[in-house]
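Reviewing the structure listed below.
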Amino acid sequence: MIAEEISAAAAILRGVTRVVALTGAGVSAESGVPTFRGAGGLWEGQPVQEVATPQAFAADPVRVWRFYEERRRRLTRVAPNPAHRVLARWQDRFPSFTLVTQNVDRLHHAAGSREVLELHGSIWEIRCSSCGRSREDRTVPLPALPPVCASCGGTERPGVVWFGEYLPPGVMDAATEATQRCEVLVVVGTSAVVYPAAGLVEIAASGGAKVIEVNPDASAKAHLAEVNLRGPAGELLPNVDALLEGA
Ligand code: BJW
Ligand code: ZN
């Protein structure tokens, strides 16, 4: 019975001091952003694993840029949903609250989250693959593909993390540290198959933190959760928040 799970989640969160939330593509699904591994997780018939790689970019930067250009275009038309908004409110509800996201869409920022640990970078950052210069650019469409670095003439790339690449320096360290110290980890809308992000769930559980999962389907780490809230985050997180509010 979902009402019991919602109460159980609220009971775990009530009165705790250190909370971490780990989010994935599912938190943005109700905003209309497609997830990676669900229906619509293919692009021109290709799994994302074949487009989101340095090898794919080296082979055909324009093709990979078209994939990101299309996603940037769609993102100009979407807005944060109630799940993003609850997580933004939680930064002021708990004495220590760390928001860790695998998403590159910046919808958490749009909802008012002030500090977001972006494990996989941002689709709104553009980085030179030669000199490393990075800039925020929300122009859609970009005037030319691929964009070219104004400093060195190198080919620019989306400021995201592809398979086989290291996460932005310091970001994973900060996420790991917060997760080691937290009392509760709330895992929202991720299949939890991509590392090192998925490893945060193991770190939390092995450190004695309670894990709450919010996902219509079981993730690869659902067995580590004390409470599994099976349903859409945009409906269930506001329900949990309402119980905390009434506490
Ligand atoms: C809802 C919902 C609703 C729907 N409400 N929920 C073993 C250990 C460690 C590493 C590895 C390992 N084996 C392999 C690796 C390497 C690799 C990896 O993990 N591969 C796995 C596939 C096995 N990892 C890496 O390469 C990482 N780097 C790294 O490890 O560096 C060290 C290294 C360096 C050099 C050599 C080797 C290692 C980098 C990973 C980068 C991932 N990049 C992407 C693309 C980002 C850019 C872009 O956006 O284009 O990140 S891939 C893609 O997957 C994206 C996502 O952030 C990431 C995770 O996906 P997510 O968010 O979980 O989405 P989905 O679609 O999978 O799931 C959505 C969920 O939502 C589902 O569960 C739905 O049910 C749910 N849902 N509606 C709530 N309304
Ligand atoms: Zn450059």
Side-chain angles (χ1 to χ4, degrees), residues 21-43 46-57 64-65 67-72 74-75 81-84 86-87 100-106 118-135 146-169 171-172 186-202 213-222 228-238:
L22 169 67
T23 67
V27 79
S28 297
E30 288 155 87
S31 294
V33 183
T35 61
F36 291 95
R37 292 168 184 83
L42 297 175
W43 183 72
Q46 302 271 1
V48 69
Q49 295 90 304
E50 289 177 22
V51 185
T53 67
Q55 294 77 14
F57 188 75
V64 172
W65 258 115
F67 169 66
Y68 284 93
E69 198 61 334
E70 171 61 14
R71 287 171 57 198
R72 284 163 62 100
R74 282 189 192 204
L75 283 172
N81 68 58
H84 296 106
V86 166
L87 294 171
V100 182
T101 191
Q102 299 167 81
N103 298 347
V104 300
D105 56 27
R106 293 248 157 109
E118 294 179 306
L119 296 178
H120 296 160
S122 167
I123 201 163
W124 300 116
E125 293 286 327
I126 295 182
R127 189 170 76 243
C128 175
S129 33
S130 298
C131 74
R133 191 187 74 134
S134 189
R135 60 194 177 90
V148 168
C149 176
S151 302
C152 79
T155 303
E156 289 181 310
R157 54 164 285 175
V160 299
V161 180
W162 287 324
F163 287 113
E165 293 184 322
Y166 289 103
L167 276 55
V171 178
M172 188 62 202
V186 186
V187 184
V188 187
T190 177
S191 56
V193 294
V194 173
Y195 281 80
L200 292 172
V201 189
E202 289 154 19
E213 175 166 292
V214 187
N215 197 315
D217 299 318
S219 81
K221 302 292 177 209
N228 277 291
L229 291 174
R230 290 274 160 263
E235 287 175 26
L236 296 180
L237 281 178

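All residue numbers refer to positions in the sequence shown, counting from 1. Read the numbers this way: they start at 1 and go in the same order the structure lists the ligands and their atoms.
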(request) Around the Zn ion (ligand 2), list the protein N/O/S atoms within a radius below 2.8 Å, excluding water molecules. (result) C128 SG, C131 SG, C149 SG, C152 SG

Identify the heavy atoms of [X] and [Y] that sit nearest to each other, and give their distance.
X	Y	answer
N81	S31	ND2-OG, 3.0 Å
V214	G231	CG1-O, 4.4 Å
W124	L75	CZ2-CB, 3.6 Å

(message) Please output the residues near ligand 1 using a strict heavy-atom distance under 4.0 Å, listed in chain and residue-number order.
(response) G24, A25, G26, A29, E30, T35, F36, R37, Y68, R71, Q102, V104, H120, V160, V161, W162, F163, G164, E165, Y166, L167, G189, T190, S191, V193, V194, Y195, P196, V214, N215, P216, D217, P232, A233

(request) Kindly say whether V33 contributes a backbone atom to a donor-acceptor pair with the side chain of R74 at under 3.5 angstrom? (result) no

Donor-acceptor contacts under 3.5 Å from residues 186-193 side chains, at least two apart:
{"from": "T190", "atom 1": "OG1", "to": "Q102", "atom 2": "NE2", "distance (Å)": "2.9"}
{"from": "T190", "atom 1": "OG1", "to": "A192", "atom 2": "N", "distance (Å)": "3.1"}

With rounding to the nearest 0.5 angstrom, report the [atom1] to [atom2] distance, [X] to [Y].
X	Y	atom1	atom2	answer
K221	L200	NZ	CG	10.5 Å
T101	L22	OG1	CG	7.5 Å
H120	M172	NE2	CE	8.5 Å

Residues 149-156 side chain polar contacts: donor-acceptor under 3.5 Å, at least two apart:
{"from": "E156", "atom 1": "OE1", "to": "R135", "atom 2": "NH2", "distance (Å)": "2.8"}
{"from": "E156", "atom 1": "OE2", "to": "R135", "atom 2": "NE", "distance (Å)": "2.9"}

